[in-house]
Colleague: 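Following this message is one structure expressed as structure tokens.
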Amino acid sequence: MSQRAEVEAGVADADLRGETALVTGATSGIGREVALALGRLGSRVLVHGRDRERGRAVAAELGEHGADPVFVAGDFADPSTPAALAERFAERADRLDVVVHAAGAHFRDAALASYDGGVERTFAVNQLAPFSLTEALRERLSPERVVVVSSEVHRRAGPDDLTREALTTLDGYGGFDAYARSKLANALWARALAARTDDIDVASCHPGFAPGSGLWRTAGLPVSLGVRVLDALPRALVGRFVDTAAEAAATPTYLAAVGELERGAYYRDCAVGAPSAAARDDALAERVWSLSEALTA
């Protein structure tokens, strides 16, 4: 079985030479596999992540493919990071062909990030930071395509989870529920961005479930223990519902490299899928946009 995301996605013949891609969360897991795939397809790749050592390692690996990589470190829990990243990338590129938002976090412990004086940290990292970064990039580098990595876990959340009151309190915090809320917001934000623009191809996607991706390292004990068990079991037992990081990276790689996509749609397994009813609610998408705009102002 291939361990290259572009092969899994069926885009191994795509020619991305001359294009520039930005992949957030590219220092490990799914983001790393997307970045490497785009580099192998010829794209110049701008790499984002928190870990400088891992980021430089990914950049070095991309350099072996002639991808002329750039690594820039940044912590999405810090509200000053998105604008600073956009500025630093603008110093290194004239334009962006594609942005893949693969950065994401799942936190065991409740905390507020300092967006707008206090926003639940998972939502801040997974939704507000990519929203703010995209808006800053639109001003500086005019990206032509935006790929937002959501998750099937979005089905666990609903409209009541996406109010200012819910996002600015830690009452009743649960790490998995907070993650689900942020992933529903991701799908709705992609839908709202598509409705508001006609010059950006944008879609969200479920990447796949990769226990070894590192996403779950800060999850609570039951979740992290279950993920570690799944990661340790033989592929023959779990292969039907557990992916390697490269397999999970197939759909975002497909969306980054394919010629055309359905704007605002939610993809799964490299095809348009059916998200939850809440994720198809245009009024709720506008609410997410307005909240994201207000909380990052």
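Index from 1, following the sequence. What you see below is based on every heavy atom in this structure, not just the backbone, and it leaves out hydrogens, waters and symmetry mates.
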Colleague: Looking at Asp13, I'd like to know if its CG atom is crowded, meaning that more than 12 non-hydrogen atoms belonging to other residues, nucleotides or ligands lie closer than 6.0 Å.
Modeller: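 Incorrect, the count does not exceed 12.
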
Colleague: Would you compute the distance between atom OG1 of Thr122 and atom CD of Gln127 and round it to the nearest 0.5 angstrom?
Modeller: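 Result: 12.5 Å between the selected atoms.
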
Colleague: Could you work out the complete set of other residues in the hydrophobic cluster of Tyr266, with links drawn between I, L, V, M, F, W and Y side chains under 4.5 Å apart?
Modeller: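 Besides Tyr266, the hydrophobic cluster comprises nothing; the residue is isolated.
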
Colleague: Return the set of residues passing side-chain hydrogen bond (donor to acceptor under 3.5 Å, both in side chains) with Arg268 (not counting sequence neighbours), or none when no residue passes.
Modeller: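 Testing Arg268 for side-chain hydrogen bond (donor to acceptor under 3.5 Å, both in side chains), a comparison that skips the adjacent residues, returns Glu152.
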
Colleague: With Phe76, which residues qualify under ring pair (Phe, Tyr, Trp, His ring centres under 6.0 Å), at least two apart?
Modeller: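 Expected list: His48.
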
Colleague: Are any non-hydrogen side-chain atoms of Leu188 and His154 less than 4.5 angstrom apart?
Modeller: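 In short, these two side chains do not touch, never coming nearer than 4.5 Å.
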
Colleague: Tell me whether Val147 shares a hydrophobic cluster with Val272, the cluster being built from Ile, Leu, Val, Met, Phe, Trp, Tyr side chains joined at under 4.5 Å.
Modeller: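 Yes; tracing contacts between hydrophobic side chains, which count when under 4.5 Å, links both residues.
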
Colleague: Salt bridge between Arg140 and Glu91, side-chain N to carboxylate O under 4.0 Å?
Modeller: no

Colleague: Do His101 and Thr134 get their side chains close enough for a donor-acceptor pair, meaning under 3.5 Å?
Modeller: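 Note: His101 and Thr134 side chains meet the donor-acceptor criterion.
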
Colleague: Side chains of Tyr267 and Leu261: does their closest heavy-atom pair fall under 4.5 Å?
Modeller: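 Yes; the side chains approach each other to less than 4.5 Å.
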
Colleague: Can you check whether Trp289 reaches Leu193 side chain to side chain, under 4.5 Å on heavy atoms?
Modeller: yes

Colleague: Kindly compute the distance separating CZ (Arg50) from OG1 (Thr81), expressed to the nearest 0.5 Å.
Modeller: 10.5 Å

Colleague: If you count every heavy atom of other residues, nucleotides or ligands that lies below 6.0 Å from Asp94 atom CG, does the total exceed 12?
Modeller: no

Colleague: Against Val119, only a single residue in Val125, Leu112, Leu295 fulfils side-chain contact (heavy atoms from CB on, under 4.5 Å); can you say which?
Modeller: Leu295

Colleague: For a side-chain contact (heavy atoms from CB on, under 4.5 Å) with Arg181, tell me which candidate from Leu167, Val153, Asp160, Asn126 qualifies.
Modeller: Leu167

